[in-house]
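Comments concern the structure below.
Keep in mind that what you see is a predicted model, and the values were worked out from it rather than measured. In what follows, every chain begins at residue 1, and chains take the letters A, B, ... in the order their sequences are listed.
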There are 2 protein chains.
Amino acid sequence: MVNIPEQDAKSTEGRILEAAKTVFISKGFDGTSMQDIADEADINKSLLHYYFRSKEKLFSAVFNYAFQQFIPHIQGILSAEESIFVKIEQIVGVYMDMLRKNQFIPAFILHEINMNPDRLYSLMQVSGLRPQVFVGQFVQEISKGIIRPIDPRQLIVNLLSLCIFPVAARPLLQRILFENNDIVYEKFLDERKKVVADFIIHSIKA
Amino acid sequence: MVNIPEQDAKSTEGRILEAAKTVFISKGFDGTSMQDIADEADINKSLLHYYFRSKEKLFSAVFNYAFQQFIPHIQGILSAEESIFVKIEQIVGVYMDMLRKNQFIPAFILHEINMNPDRLYSLMQVSGLRPQVFVGQFVQEISKGIIRPIDPRQLIVNLLSLCIFPVAARPLLQRILFENNDIVYEKFLDERKKVVADFIIHSIKA
DNA sequence: GTCTATAAATTGATAGAC
DNA sequence: GTCTATCAATTTATAGAC
């Protein structure tokens with residue numbers, strides 16, 4: 001009910017969820033009508049209410065699925081036995097690759113989190129992301145003198161900002177800085193993986 | 001018609017624009033009905049169509065106004081005769097102060113730019129923001145060996161990311177990292193002005 | 001499970017009285 | 001300029017036949 005079942009992605013319920021995800025993400029909650037989703041799924045509108053009672057309920061189911069894609073194996077990287085520099089490089093690489101494959105998710109989540117923070121936050125809780133491990137290691141390496149003393153939360157926000165914003169604001173940035181050239185912006189994002197990692201590491205080295 | 005006239009902010013047209021700005025920014029274009037705006041302005045719905053022909057036209061007028069607030073005296077800073085380090089510090093300070101006063105604008109713009117990139121981009125053109133001057137100075141200081149050779153567009157995107165994202169994603173970040181404590185997050189944003197400037201400068205120094 | 005038909009409310013927009 | 005009344009279309013959601 002909550003996750004799109006892989007085995008029967010062609011079942012009615014699976015088709016609805018896939019279609020709803022596509023439409024919700026591209027048009028937002030308010031911009032999406034149940035008819036839009038029914039059309040996308042090539043299915044009768046009434047079936048949406050048969051499987052999910054309301055638009056809100058359908059959205060919750062879809063968001064849960066989309067958000068789990070959005071927070072990938074980050075937790076694994078955070079808890080790994082690696083130097084903080086390697087971790088940062090890995091996180092940036094994995095995160096930016098994933099973001100490029102799901103271009104519209106960042107802006108979607110940023111919008112919905114502002115429209116209805118509590119709804120989204122409670123849906124997120126399930127994901128179980130815990131930054132504390134990373135923060136712990138970070139504090140340790142500061143005390144060892146390996147890195148500069150910086151608030152670890154500032155570092156986390158820096159990292160997220162540098163990875164997510166360029167994708168969320170892509171339609172704007174691509175037009176202003178890259179003459180709306182898709183290929184050039186893709187190359188820019190590709191180079192950016194190294195740039196961001198270097199940028200962060202360079203700034204925290206003691 | 002485009003700007004909210006300061007002198008007669010209590011005129012019908014001014015009241016409509018102020019109300020529309022409030023509602024559009026908090027609920028988005030699709031989430032806002034003309035009735036919502038009329039209620040907010042405490043005015044008859046028909047008057048919205050009398051002053052602005054359609055919802056689209058009203059949105060354009062409002063967005064133009066909101067966006068001009070969003071891009072403040074940045075252009076002045078960019079063209080000033082200052083070292084690149086001073087400029088970065090000034091831009092970060094001015095930008096983050098302004099963002100905190102207009103908390104909902106970043107997420108609003110990010111959403112609308114993804115919903116309808118061309119509409120928003122054409123509305124933006126009027127602002128006449130030109131990053132080329134800054135890029136020129138940047139390239140010069142690289143050749144002088146004052147700063148590391150970095151793609152100036154990467155630097156601009158870094159700067160925008162670090163300033164805008166923490167505000168746009170605030171409802172999420174504040175809950176995850178700061179136990180949803182408003183005062184603590186405000187302090188975090190305040191400290192962040194220095195952190196971001198240091199962070200950038202530290203990363204570009206040769 | 002899937003469909004048609006339809007309810008009940010809301011949407012953007014217009015006509016016309018004052 | 002401002003209002004009431006109203007249109008036509010669309011919205012979410014339900015009832016009921018098959």
Side-chain angles (χ1 to χ4, degrees), chain A residues 1-5 7-64 111-112 115-116 119 123, chain B residues 1-5 7-64 108 111-112 115-116 119-120 123:
Chain A
M1 178 77 157
V2 162
N3 272 22
I4 298 181
Q7 62 277 28
D8 53 354
K10 286 159 201 160
S11 73
T12 304
E13 189 175 344
R15 295 218 344 249
I16 292 175
L17 283 166
E18 277 293 349
K21 182 189 152 199
T22 304
V23 184
F24 273 138
I25 286 178
S26 78
K27 303 172 103 172
F29 180 82
D30 291 317
T32 296
S33 74
M34 296 295 261
Q35 189 62 61
D36 291 337
I37 299 171
D39 291 347
E40 174 77 23
D42 198 29
I43 232 172
N44 192 286
K45 198 178 50 167
S46 306
L47 287 179
L48 303 182
H49 289 94
Y50 175 76
Y51 282 97
F52 309 87
R53 279 181 24 188
S54 65
K55 187 183 175 184
E56 281 277 350
K57 291 261 180 22
L58 175 53
F59 179 80
S60 295
V62 162
F63 179 82
N64 232 25
H111 177 68
E112 300 300 343
M115 291 297 103
N116 198 334
R119 169 174 69 186
L123 289 176
Chain B
M1 178 77 154
V2 162
N3 272 22
I4 297 182
Q7 62 276 27
D8 52 353
K10 286 160 201 160
S11 73
T12 303
E13 188 176 344
R15 298 228 328 260
I16 292 174
L17 282 166
E18 277 294 348
K21 182 188 153 201
T22 304
V23 184
F24 273 137
I25 287 177
S26 78
K27 303 171 99 172
F29 181 81
D30 291 319
T32 296
S33 75
M34 296 295 261
Q35 190 61 59
D36 291 337
I37 299 171
D39 291 345
E40 174 76 23
D42 200 27
I43 233 172
N44 193 285
K45 196 178 55 165
S46 307
L47 287 180
L48 302 182
H49 290 94
Y50 174 77
Y51 282 97
F52 310 87
R53 280 181 23 188
S54 65
K55 187 183 176 184
E56 281 277 352
K57 291 259 177 29
L58 174 54
F59 179 80
S60 295
V62 163
F63 180 82
N64 237 22
F108 168 71
H111 177 68
E112 300 301 341
M115 292 296 104
N116 197 335
R119 170 173 70 185
L120 235 63
L123 288 176

Between CG of A:D30 and P of D:dT10 the distance, given in whole Å, is 18 Å
Answer yes or no: does a side-chain N or O of A:H49 lie under 4.0 Å from OP1 or OP2 of D:dA13?
yes
What nucleotide among D:dT14, D:dT2, C:dG12 has an atom nearest to a side-chain atom of B:T12?
D:dT2
Output yes when at least one side-chain N/O atom of B:Y51 is less than 4.0 Å from OP1 or OP2 of D:dT2, else no.
yes
Confirm from the modelled atom types if A:S54 and D:dT12 form a donor-acceptor pair under 3.5 Å, side chain to base only.
no
Nearest of D:dA5, C:dA13, D:dA13 to any side-chain atom of B:S46?
D:dA5
Give the rounded distance in Å between these two atoms: CG of A:D36 and C1' of D:dA9.
15 Å
Length of the NZ-P vector between B:K45 and C:dT14, whole Å:
12 Å
B:M34 CE to D:dC7 P, straight-line distance once rounded to whole Å:
20 Å
Per A:L47 side chain, nearest of listed nucleotides C:dT14, D:dT2, C:dC3
C:dC3
Give the rounded distance in Å between these two atoms: CD of B:Q35 and P of C:dT14.
17 Å
Expressed in angstrom and rounded to an integer, what is the separation of B:I43 atom CD1 from D:dC3 atom P?
7 Å
Under 3.5 Å: donor-acceptor pair, side chain of B:K55, backbone of B:T32
yes
Aromatic ring pairing B:F59/B:F29, orientation class (parallel under 30°, perpendicular over 60°, tilted between):
perpendicular
Ignoring the backbone of A:N44, work out which of D:dC3, C:dT11, C:dT4 is nearest its side chain.
C:dT4
Looking at B:E40, is its backbone amide N or carbonyl O close enough to the side chain of B:R15 to form a donor-acceptor pair, meaning the two atoms are under 3.5 Å apart?
no
Measuring from A:K45:NZ to A:D36:CG, what's the distance to the nearest 0.5 Å?
11.0 Å
Starting at CG of A:L48 and ending at P of D:dT11, how long is that distance when rounded to a whole Å?
13 Å
Among the candidates C:dA5, D:dT12, C:dT2, find the nucleotide nearest to the side-chain atoms of A:Y50.
C:dT2
What is the distance from CZ of A:R53 to P of D:dA13, rounded to the nearest Å?
10 Å
Is A:S33 side chain donor-acceptor paired with the D:dT10 base, going by distance under 3.5 Å alone?
no
Looking at B:N64 and B:A61, would you say the former's side chain and the latter's main chain have a donor-acceptor pair under 3.5 Å?
no
Measure from the side chain of A:K55, starting at C-beta and using heavy atoms only, and say which of D:dT2, C:dA13, D:dA13 lies closest.
D:dA13
